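This report concerns only the one structure given below.
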Amino acid sequence: MKEKELRRSLSVFPIGTVMKLTDLTARQIRYYEEQELIRPQRNDGNRRMYSLNDIDVLLEIKDYLAEGINMAGIKHIYDMQAQAQQKKQADLDRPVTDNDVRRIFHDELLQQGRLNSDEQGQPTLFHTHKRL
DNA sequence: ATTCTCACA
DNA sequence: TGTGAGAA
């Protein structure tokens with residue numbers, strides 16, 4: 001399901017379209033870009049081109065603003081999400097240690113009982129334990 | 001017609 | 001954040 005993500009990230013809408021879709025002014029849309037909440041790409045004529053993802057974020061910002069959250073607060077929300085994803089990546093890249101192996105083995109032992117009872121469970125093989 | 005940047009009686 | 005100017 002990567003192709004879909006890729007398409008949602010394609011910058012294809014000029015600011016005028018985004019304005020109509022989000023009901024935000026060009027001023028506001030450019031301001032949120034300065035705040036690094038969105039990163040529209042530029043076309044050959046230096047015109048900003050927005051993706052579906054950018055529009056989604058803009059819509060979310062609108063909601064947060066309506067809920068009384070200020071720019072600083074909204075920035076924090078996105079900063080946290082970004083950090084959470086970075087941490088997730090770091091965990092995936094983290095090499096498996098001896099302790100991890102022991103822990104995996106221990107978990108498998110505990111699950112063996114449940115494994116026999118349901119045949120439609122997910123394949124619980126050792127290498128499926130990415131989360132440690 | 002649209003969008004960009006920059007400045008502010 | 002609005003608005004207008006001058007350019008592309």
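FYI, side chains are in, hydrogens and waters are out, and symmetry mates aren't considered; it's all heavy atoms of this structure. All chains are named by letter (A, B, ...) in the order of the sequence lines, taking the proteins before the strands, and each is independently numbered beginning at 1. Values in this document were obtained by computation on a predicted structure and should not be read as measured data.
- Of the residues in residues 58-72 of chain A, none lies under 4.0 Å from DNA chain B by heavy-atom distance.
- For Glu36(A), the salt bridge (charged side-chain N to carboxylate O under 4.0 Å, His left out) partners at least two apart in sequence or on another chain are Arg39(A).
- Sorted by first then second residue, the salt bridge (charged side-chain N to carboxylate O under 4.0 Å, His left out) pairs that include residues 66-86 of chain A, not counting sequence neighbours, number zero.
- Ion pairing between Glu34(A) and Arg30(A) fails under the 4.0 Å rule for side-chain N and carboxylate O.
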*How far apart are the C-alpha atoms of Leu109(A) and His106(A), what are their side-chain angles, what is the distance that settles it, and do they pass the side chain to side chain contact (heavy atoms under 4.5 Å, CB included) test?*
CA-CA 5 Å; Leu109(A) 227 50; His106(A) 181 255; 5.5 Å; no

Could you give the side-chain donor-acceptor pairs of residues 43-50 of chain A under 3.5 Å, partners two or more places apart or in another chain?
unit_1: Asn43(A); atom_1: OD1; unit_2: Gly45(A); atom_2: N; d: 2.9
unit_1: Asn43(A); atom_1: OD1; unit_2: Asn46(A); atom_2: N; d: 3.1
unit_1: Asn43(A); atom_1: OD1; unit_2: Arg47(A); atom_2: N; d: 2.7
unit_1: Asn46(A); atom_1: OD1; unit_2: Arg42(A); atom_2: NH1; d: 3.0
unit_1: Arg48(A); atom_1: NH1; unit_2: Glu33(A); atom_2: OE1; d: 3.0

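- With sequence neighbours excluded, no residue forms a salt bridge (charged side-chain N to carboxylate O under 4.0 Å, His left out) with Lys2(A).
- On the nucleic acid side, DNA chain C contacts chain A at distances under 4.0 Å to non-hydrogen atoms, with the end points of that region at dT1(C) to dA8(C).
- Heavy atoms only, all atoms of each residue included: Ile74(A) and Leu37(A) are closest at CG2-CD1, 4.1 Å.
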*Which parts of nucleotides 4-9 of chain B does protein reach within less than 4.0 Å, heavy atoms only, written one letter per nucleotide 5' to 3' as B for base, S for sugar-phosphate only and - for none?*
SB----

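- Remark: Asp93(A) pairs with Gln89(A) by the side chain to side chain donor-acceptor pair (under 3.5 Å) rule, at least two apart or across chains.
- Formation of a donor-acceptor pair under 3.5 Å by the Gln28(A) side chain with backbone atoms of Thr25(A) is found in this model.
- Considering only residues two or more places apart in sequence or on other chains, Arg27(A) meets the salt bridge (charged side-chain N to carboxylate O under 4.0 Å, His left out) condition with none of them.
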*How does DNA chain C read in dot-bracket, base by base from 5' to 3', with Watson-Crick or G-U pairs under 3.5 Å and | used when the partner is on another strand?*
.|||||||

Contacts under 3.5 angstrom, residues 56-65 of chain A side chains, donor-acceptor by atom type, not counting sequence neighbours:
unit_1: Asp56(A); atom_1: OD2; unit_2: Arg8(A); atom_2: NH2; d: 2.2
unit_1: Glu60(A); atom_1: OE1; unit_2: Tyr78(A); atom_2: OH; d: 2.6
unit_1: Lys62(A); atom_1: NZ; unit_2: Thr22(A); atom_2: O; d: 3.2

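- Not counting sequence neighbours, Glu5(A) has no partner by the salt bridge (charged side-chain N to carboxylate O under 4.0 Å, His left out) test.
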